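Structure record follows, encoded as structure tokens.
Lettering follows sequence order; numbering is per chain, from 1. Only a predicted model underlies this, so the values are computations on that prediction, with no experimental measurement involved.
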Amino acid sequence: MATTLHPSSPILLLPTTQNAKNSSSHNHSLPNCKTLNELKQLHCNMMKKGLSHYPNNINKLIAACVQIGTHESFNYALNVFKEDEETMFCSLYTCNTLIRGFASSGLGQEAIFIYLHMIVVMGFLPDKFTFPFLLSACSKIMALSEGVQIHGVIFKMGLDKDLFVANSLIHFYAECGKVDLGRKVFDKMLERNVVSWTSLINGYSGVNMAKEAVSLFFEMVEAGVKPNPVTMVCAISACAKLKDLELGRKVYAFMNKLGVELNTLVVNALLDMYMKCGDMSAARGILDELGDKNLVMYNTIMSNCVQHGLAGEVLVTLDEMIRKGWRPDKVTMLSTIAACAQLGDLSVGKSSHAYVFRNGLESWDNISNAIIDMYMKCGKREAACKVFDNMSNKTVVTWNSLIAGLVRDGDMELALRIFGEMPESNLVSWNTMIGAMVQASMFEEAIDLFREMQNQGIKGDSVTMVGIASACGYLGAHDLAKWIYTYIEKNDILIDIQLGTALVDMFSRCGDPRNAMRVFGNMEKHDVSAWTAAIRVMAVEGNAKGAIDLFNEMLKQEVMPDDFVFVALLTACSHGGYVDQGRQIFWSMEKIHGVSPQIIHYGCMVDLLGRAGLLEEALDFMKSMPMEPNDVIWGSFIAACRKHKNVELARCADENITHLDPERVGVHVLLSNIYAAAGKWTDVARVRLQMKEKGFQKVAGSSSIEVHGLIHEFTSGDESHTENTQIGLMLQEINHRLSQVGYVPDTTNVLLDIDEKEKEHLLCRHSEKLAVAYGLINTVGK
DNA sequence: GTAGGGTTAG
């Protein structure tokens, strides 16, 4: 469970000591100079004594600065290099040392400056030691065009034959996301070592080609190159990305067979792989064997817990690591803040923010992005905006966090405006907006946005398609549904459980159970929501037996039922008239499956009994409920009364709902319809008056039809369509041809106190008929 | 002299 941080816990009282790694110098050439100040002093003395003219001294000074490894010491080294006239005394070796130093600190521009300076000003020719450092510096800042030019120089100098230089090129291209260029270098190499293979494996893994990465690993083993721990880390993390446990185990088995040593990095990669693949017992096994965990392992555990939605576990782990004396770093805080966002835990969220601020971690974009997300999810829009405004490096994730927050707040208008104006957007931005529109029932707008995406040449992924499929399902647009399915197949979009489930629902809502079940059958894995979607397909068809069979199959595959699956199952029984089975399932919910019935399940039972005409039993059942029946339940009871023409029980319901204050008007409309059907117009008048007093207004029902990919919506008696005249003519023809084959309109369902002729007129302008007429005009013979 | 673990938004 979630733990809150006690104010006296270490997280709030963090020491600000220097990192131990940085304060211990291994400088052998200048053993007395451990700090930059000492070096500066020495430099001063050197200049006073005129010793700075000796190239060796300057070279040593710069090397010592590089070794200290702080931002300040690098700058000092750079100044010595740039401003001193003695630059000419610097050797190629010193230039290489400087480039190495800047590369290791991620200061790519500075490294490139030294490189250019040494060529242009100093007239040095770079050597085979220069390029690995330089390329590593370019990798860190993703300086692709610079790297490509450097590659040109390397080629001209014939240094591409050097193993180290070539390996550095592979790594450079991989880091810039151009693994195919790295592959070209790899293929041309005359000799390769384990680093060449490992760099390429890692390159594939980094551009979402983890499958290729793992097969390259096996290729390497086949070629007789023995992997080392670095290779293993790359190969295992590729398996983690694929969430392929079997493959991960296989790779690990190879590692043992080949006798590769196991270090903490490999152990951590294994731990991460097991957790990402959901094998918690294997992960536990590693941890039990390990005893003590290091910081990165704590971070691995926490980030995986966040990914699995186990936010409470994150805070428990945080507590443990602090008790064991570890100082949370930026990655720890990222997971912690993400966990607070999930839990809506503002108090830990706030103290985390304070910790981040005190330790200067907020300059890291990701942390600030997570804080914005956290405040937004805790409902603190102002706090989030403050962080947002103070950020100097707003990335696309920053903007996305903001629009996602606005969308959750229900502020679609502002979200849309920002979406349109943000400086950079990506697939997640589009998916956020499409998802938001579906949530807000703006289905056509969602599909329009998807079309706009296509126009801009942006391909959707499986998250996009989940949104689009459900929008399409709600619209019931069958042609669009088929198009969506083809789009997914054509673009090789992975049908995961979520998308598969959405597609099953989509086809089901579009009246295409065959395709719905085909998608279901093709799915690799089924979770409880996937099974529920399939059971809903049966429910729509009234196929209660099919639903029960699916449910039993689900149990056989040891998928735990939840409350939603019982709603689908009971609905299927209700529509299929399986009264006894429905009663049995309702009973078994709690007794066998441990799922306690909610009001919605009681509602299903009332519906089941009512539809079967067991109105008395339904009423008794309602009285036995542990909670008050709501307007939905009364509504289905009243609908049953109407179906079975039982005015007396309807009147009983009427008396019971007067003290209810239902938000929906449906109950009252239904009641008035029942009275109308029985010709009890005074009751109709009374119910209508009540509705008027409560300020209800019936929302007009509508029908829609999809013609050539466009949705046309009609309400009853609608004359607003541009092709209204043609629709009228078509309706006349329909009526004419219907009466020719002996159709007599049944006006009993037109429950208004008007004469028969008027009823007939209303009936023929029913919204469904208008939609059908429009469809006939525009599809037949075309 | 080249390669390696944990990272936020939908």
Side-chain angles (χ1 to χ4, degrees), chain A residues 93 96-97 99-100 103 127-136 139 162-172 174-175 182 193-203 205 227-237 240 263-273 275-276 293-304 306-307 329-338 341 364-374 376-377 395-405 407-408 425-436 438-439 461-464 466-467 498:
Chain A
Y93 178 81
N96 285 348
T97 306
I99 293 174
R100 183 188 70 194
D127 66 0
K128 63 175 185 177
F129 297 104
T130 314
F131 291 114
F133 300 140
L134 186 61
L135 287 168
S136 145
S139 312
D162 183 89
L163 181 60
F164 286 84
V165 174
N167 286 347
S168 303
L169 277 169
I170 296 173
H171 175 244
F172 162 73
E175 286 291 298
N193 65 3
V194 61
V195 178
S196 328
W197 289 89
T198 304
S199 301
L200 196 60
I201 290 171
N202 202 33
S205 178
N228 64 17
V230 185
T231 323
M232 294 322 303
V233 168
C234 299
I236 293 168
S237 71
N263 64 19
T264 59
L265 276 75
V266 177
V267 170
N268 189 63
L270 270 174
L271 175 67
D272 187 49
M273 189 268 289
M275 288 189 87
K276 284 209 166 73
K293 301 183 261 288
N294 64 20
L295 177 67
V296 176
M297 279 171 192
Y298 277 112
N299 286 347
T300 303
I301 294 167
M302 289 169 71
S303 74
N304 275 294
V306 169
Q307 298 298 324
D329 72 351
K330 55 185 185 176
V331 181
T332 320
M333 294 320 291
L334 197 60
S335 295
T336 303
I337 293 164
W364 195 44
D365 306 337
N366 298 357
I367 282 273
S368 292
N369 292 340
I371 291 172
I372 291 174
D373 182 53
M374 182 271 293
M376 276 297 199
K377 284 188 179 143
T395 65
V396 64
V397 180
T398 319
W399 291 95
N400 286 346
S401 303
L402 187 71
I403 59 168
V407 157
R408 271 190 304 269
S425 62
N426 64 7
L427 189 54
V428 175
S429 330
W430 289 88
N431 288 350
T432 305
M433 294 315 298
I434 288 175
V438 175
Q439 283 296 309
D461 68 355
S462 62
V463 179
T464 323
V466 168
Q498 287 80 10

Side chain of [X]: nearest nucleotide among [options]?
X         : options                : result
Ala404(A) : dG4(B), dG5(B), dA9(B) : dA9(B)
Asp162(A) : dG1(B), dG5(B), dA3(B) : dG1(B)
Cys234(A) : dG4(B), dA9(B), dT2(B) : dG4(B)
Val230(A) : dA3(B), dT2(B), dG1(B) : dA3(B)
Val165(A) : dG1(B), dA9(B), dG4(B) : dG1(B)
Ser303(A) : dG4(B), dT7(B), dA3(B) : dT7(B)
Asn369(A) : dT8(B), dG5(B), dA9(B) : dT8(B)
Asn366(A) : dT2(B), dA9(B), dT7(B) : dT7(B)
Thr198(A) : dG1(B), dA3(B), dG5(B) : dA3(B)
Val397(A) : dT8(B), dT7(B), dT2(B) : dT8(B)

Please work out if [X] contacts a base, only the sugar-phosphate, or nothing of the nucleic acid, heavy-atom cut-off 4.0 Å.
X         : value
Phe133(A) : sugar-phosphate
Asn96(A)  : nothing
Lys128(A) : base
Asp461(A) : base
Asn426(A) : base
Trp364(A) : base
Thr264(A) : base
Lys377(A) : sugar-phosphate
Gln307(A) : sugar-phosphate

Review point. Is Thr300(A) near enough to dG5(B) that one of its side-chain N or O atoms lies under 4.0 angstrom from OP1 or OP2?
Key: no
Using whole Å, what does the distance between atom [atom2] of nucleotide [N] and atom [atom1] of [X] come to?
X         : N      : atom1 : atom2 : result
Met376(A) : dT8(B) : CE    : P     : 19 Å
Asp373(A) : dT8(B) : CG    : C1'   : 7 Å
Met297(A) : dG4(B) : CE    : P     : 18 Å
Leu200(A) : dG4(B) : CG    : C1'   : 15 Å
Asn400(A) : dA9(B) : CG    : P     : 11 Å
Asp127(A) : dG1(B) : CG    : C1'   : 9 Å

Would you say [Y] and [X] are linked by a side-chain donor-acceptor pair, where the criterion is simply a distance under 3.5 Å?
X         : Y         : answer
Asp329(A) : Thr332(A) : yes
Asn96(A)  : Asp127(A) : yes
Asn202(A) : Ser205(A) : no

Check your understanding: Taking it one step at a time, do Ser196(A) and Asn193(A) satisfy side chain to side chain donor-acceptor pair (under 3.5 Å)?
Key -> CA-CA 5 Å; Ser196(A) 328; Asn193(A) 65 3; 2.9 Å; yes
Practice item. Would you mind telling me which of Val306(A), Ile371(A), Asn366(A) makes a side chain to side chain contact (heavy atoms under 4.5 Å, CB included) with Leu334(A)? Key: Asn366(A)
Check your understanding: Does the ring of Phe164(A) lie flat against the base of dG1(B), closer than 5.5 Å centre to centre with planes under 30°?
Key -> yes
Point to revise | Candidate pair Asp365(A) and Val397(A), rule side-chain contact (heavy atoms from CB on, under 4.5 Å), full reasoning | key: CA-CA 9 Å; Asp365(A) 306 337; Val397(A) 180; over 6 Å; no
Point to revise | Sub-4.5 Å side-chain heavy-atom contact between Thr398(A) and Ser368(A) | key: no
